[in-house]
K.L.:
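Have a look at this one before I ask anything.
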Amino acid sequence: MSALVELLAPAGTKEAFLAAVENGTNAIYLAGKMFGARAYASNFDEDELVDVIQHAHLKNVQVHVAVNTIVDSDELPKLKEYLSFLYDAGADAILLQDLGAVRLAKQIVPQLPIHASTQMTVHNLAGVQALAELGFSRVVLARELSIAEIRHICANSRVEIECFVHGALCVCYSGQCLMSSMIGGRSGNRGRCAQPCRLPYTLVDVNGNDVLGASAGNFLLSPRDLNAIELIPQLLDAGIDSLKIEGRMKRPEYVATIVHVYRKAIDHHFDAQSMQVDDIDRDHLAQVFNRDFTTAYMEKHQGRHMMSDRRPNNRGLLIGRVTAYDRNARRVSVKLTRNLAVGDQVDFWVKVGGRVSAEIEHLYDARGQACIEAGAGDVVSFPIRGKVHMNDRVFKVYDARLMEAARRSYDAEHSSRIPLHAALYARCGEKLRLSMEDDAGNHAEVESDYVVAAANNRPLTVETVQKQMGRLGTTVFSLDELLCDMDDSVMVPVSELNKIRRSAIAALEESRTHKFQKRREDTIRFITGNTMLPVSQRAEISPAMSSSLMVAVDNMDAMKAAVAAGADGILYGGENFSGTVLQKGDYEAAWDYAKERDVRIDYNTPRIVHEHEQAALMRLFDGFGEKLPAALHVHHIGIAFLARACMDVPLHADYSMISYNVSTLDFLHSYGFSEATLSPELNGKQMERMVKSSPVPLTAIVGGRLPLMISEYCVLGSFLGNLDTGKCSMPCRTQNYFLRDRKNVDFPVLTDQFCRMHILNSKQLSLLPYAAQMRAMGIATLRIEGRGISVGALQRIVKAYRTAMQLAVPLREEDEQYLRMQEDGDITRGHYFRGIL
């Protein structure tokens, strides 16, 4: 097993944990019952966490605990207790998303290494450098990066880099998705994603016409599964420190199989004499679970070939086609291209009617004789309950023998044991001594209080010592060699042999696990930089410190309409939904227009800035000159890191940085942010509590179409623009499109200047009747998302908010009725009342 790179496996259950350990993982990531981004996995209670960490360390495996959800302010005391518990339990690292949790971890458990979860959307070197500066020892990169980008980051980073290599993909940048939250109230950022991306959608035009028809399936947001087994040499040569397998919701047999194959691939890369991955291994990867496979963005943009648009769940392996179907007997005949056995399960992809499933309880060969299994080229028959047709494809979705082999790999009877060399010293008149040494050279020597005496009638035998020293069934050890150095005719009670054996094992376990504590301390010593500044005294926040009503726009026409309607401030720039790349002159014109009308102007940066896009942004920063914005809105810590280094401008943490608790606000303040936008997943009561405790002025988004997803994948370019050919025909610039869900709700699909896809909410957010209330609670700025809205509609909305914010609180009944009449009927209150799970 190579120690040059870490293989990191998932575990959502104790069985999956054992499956990973016994099949060669170097480390396991899992979660407790709280704060994990897979809340619907079984996960581990505190007693179980202690046990699995101890077991992992005995087997020379690290345990990383996911604490990677956003945290409510009321949960911060529990988080403090939980972090302390994880440190005491011996966790080797914690994965974090919430910057408030980062702040607490640095305060509560400064010696516990912290890893940046993929939920932090780290997609460029600047993000890695920013987190390294904050004391992170490892960063999990976003899954949207190419091998070239990964190589660049690894070559210029002083912290460990972790990348996903296998398993399910999110279609949205992880940590940036609001779709599950806004549609169903189940937040992915809280670990409760309802996976709306795996549901059916139809791509329609402005007239509601299906523009794809039969040329594509209905699962247009469902990616295939990542499979980078063929890219392992390139990824390792790129300098990655940890290869990560996704799957905390997967069954233990899945974990066992995937870990086993990737272990082979890694070991073969470093030792050409070891076994290499073969076609059987590749079949096993597909058999245990696949939605078809992709390498995502590692090699290139795959377009439609990255998507499992015909089927959002397990495909299994194609094993043959239907050659006959006896409707009366309900029996099907299949010509096999792969083996099939009793106990397997198959799916028929029928031409009409979807899918028919069958478990193989009885199998018959071409002569009608019962058989246990058959292979490629054979024709077999078996009973089924559904109706199928000639030439329908047959997929094996469950391989009984593969599953049984996977289970055997980690069951108690077949689990690997650590061999011990033991020596017992029993000399008359001396204390009984036992020494033990394991395969790694760890040594334990214990001495009993019992003084060895001469035997009167039943002297101690080597056989008795062998039997008692070999009683290691509940431990991870096995006795490989025993030396007995004892006088003839000595007497030692069996109870003393058992006692000294248990003492030696305990000492050896302590020796094996002690190195994990030392490794943890060495990791922390390696991370020397830390800009976590102390939180300064809270100041009274005056509404005058920020504009009252701000409108986000991406063009001058929208800006002029917003200003004419009464906007106090403009948030200009960022993603442009017309595809225009903003130049220095565009910004200068906007800045001049705002100053002429005494309107505040902030500049908005893109939510995603890949390495090759960074230079253009930096040139724009340089082009500000003396025309600096009132604040620079950033959506990621990496852009803040860059901006601080090149110009002196107030920083505003926009909503993608997820200000969901007061600890996050304290972190932002300490980092140098002067303002922050509250998470749109907060409800009104949470907002009010945040305002009362905030060290910086706060913005709340109150109107407009919220982006639910931002994705490197574009459904328009993939299925209409032939993106997979290497050049997109840009259908997004000719007309508007929508994704229609199974309830006939249409979600606008827009693309920006970087060809990233944005899916907007089907309903416009409107908190118009509550604008005065929010102003009264102390929110400094109410913001309208003006992008994706027509100029005329935007002007009406801004004018209505201008009126609403001037009303006294509480509203008179007639005022409230008036405001409701100003709203478009197709609106949502977002999470203002309901919050999130």
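All figures in this text were calculated on a predicted structure; none of them were measured in a lab. One is the number of the first residue; the rest follow in order along the sequence.
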K.L.:
May I ask you to decide if the ring planes of H123 and H636 are parallel, tilted or perpendicular, using 30° and 60° as cut-offs?
P.N.:
perpendicular
K.L.:
Scan side-chain atoms only and decide if E149 and H610 contain a donor-acceptor pair under the 3.5 Å cut-off.
P.N.:
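Present: a donor and an acceptor within the cut-off.
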K.L.:
With side-chain hydrogen bond (donor to acceptor under 3.5 Å, both in side chains) as the criterion, how do R607 and S656 come out once you've worked through the C-alpha distance, each side chain's angles and the decisive distance to 0.1 Å?
P.N.:
CA-CA 7 Å; R607 291 166 70 182; S656 297; 3.1 Å; yes
K.L.:
Just checking, is any N or O donor in the side chain of R224 or S308 under 3.5 Å from an acceptor N or O on the other one?
P.N.:
no
K.L.:
Between the side chains of T295 and Q302, does any donor sit under 3.5 Å from an acceptor?
P.N.:
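On atom types as modelled, these side chains qualify, holding a pair under 3.5 Å.
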K.L.:
Quiz question: by atom type and distance under 3.5 Å, do the side chains of H652 and N604 form a donor-acceptor pair?
P.N.:
no
K.L.:
Would R304 pass as a cation-pi partner of Y713, given that its NZ or CZ must be under 6.0 Å from the six-membered ring centre and within 45 degrees of the axis?
P.N.:
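Ring-cation test returns no.
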K.L.:
I'd like to check the salt bridge (charged side-chain N to carboxylate O under 4.0 Å, His left out) partners of D281; sequence neighbours left out, ordered by chain and number.
P.N.:
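Per chain and number, D281 pairs via salt bridge (charged side-chain N to carboxylate O under 4.0 Å, His left out) with K264.
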K.L.:
Taking the six-membered ring for Trp and the full ring for Phe, Tyr or His, determine whether the centres of Y655 and H635 are under 6.0 Å apart.
P.N.:
yes
K.L.:
Are the ring centres of H166 and F293 closer than 6.0 Å?
P.N.:
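Yes - the distance between ring centres of H166 and F293 falls below the 6.0 Å cut-off.
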K.L.:
Shortest non-hydrogen contact from Y603 to L571?
P.N.:
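So the minimum-distance heavy-atom pair works out to C-CD1, 3.8 Å.
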K.L.:
Taking the side chain as C-beta and beyond, is there a heavy-atom pair between F136 and V102 under 4.5 Å?
P.N.:
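Touching, per the 4.5 Å side-chain cut-off.
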K.L.:
Got a list of side-chain donor-acceptor pairs under 3.5 Å for residues 616-624, not counting sequence neighbours?
P.N.:
none

